[in-house]
Amino acid sequence: MSTVSDNHGTSKTLDKIKWFFVFILVVFVIWGNFYFAGPNSIYQPNMVIRILGVIVVAVLALLLAITTQKGKSLIGFAKESRMELRKVVWPTRKETIQTTLLVAVITIVVGLCLWGLDTFFFWIISKLTVLGH
């Protein structure tokens with residue numbers, strides 16, 4: 001039983017180290033992108049090289065993050081979400097158009113009712129106050 005807890009503690013420590021390096025890589029990407037993009041920068045690499053550098057380091061950070069316990073659980077969650085998304089029955093084009101038109105008509109009707117009530121109450125208040133004189 002102690003080997004299980006030791007193994008769990010070791011993997012937890014390893015995960016913390018991995019997250020530290022992920023953080024360092026992300027900070028490096030942000031710093032490098034701003035440093036090499038500045039107008040006063042000594043180094044003015046081509047925009048394509050800068051973008052490729054950001055992509056490569058970001059992918060390295062992502063790959064390192066995926067190897068952690070949280071990363072593995074995120075991948076599992078994404079797979080389960082994709083399976084659930086496949087079970088969704090999407091409305092047909094006709095159903096979508098009908099629902100959209102119904103919502104638009106109801107919105108217009110409710111808007112006109114509220115406008116009418118607002119006008120009516122404004123008329124009553126203007127008759128009862130100084131606004132009516």
Drop me the distance from [X]'s [atom1] to [Y]'s [atom2], to the nearest 0.5 angstrom.
X      : Y      : atom1 : atom2 : result
Lys127 : Phe122 : NZ    : CZ    : 10.5 Å
Phe21  : Thr68  : CZ    : OG1   : 14.5 Å
Leu114 : Thr119 : CG    : OG1   : 10.5 Å
Ile17  : Thr13  : CD1   : OG1   : 6.5 Å

Same cluster or not: Trp123 versus Phe121, using hydrophobic residues (I, L, V, M, F, W, Y) connected whenever any side-chain heavy atoms lie under 4.5 Å apart?
yes
Can you find a pair of side-chain heavy atoms, one from [X] and one from [Y], that are under 4.5 Å apart?
X      : Y      : result
Ile124 : Leu128 : yes
Val88  : Leu85  : yes
Ile66  : Lys72  : no
Leu101 : Ile97  : yes

Among residues at least two apart in sequence or on other chains, which ones pass side chain to side chain contact (heavy atoms under 4.5 Å, CB included) with Val105?
Val109
Given 3.5 Å as the limit, does a donor-acceptor pair link the side chain of [X] with the main chain of [Y], or not?
X     : Y     : value
Ser73 : Lys70 : yes
Asp15 : Gln69 : yes
Glu95 : Thr92 : yes

Enumerate, atom names and distances included, each donor-acceptor pair closer than 3.5 Å involving a side-chain atom of residues 54-65, sequence neighbours excluded.
none

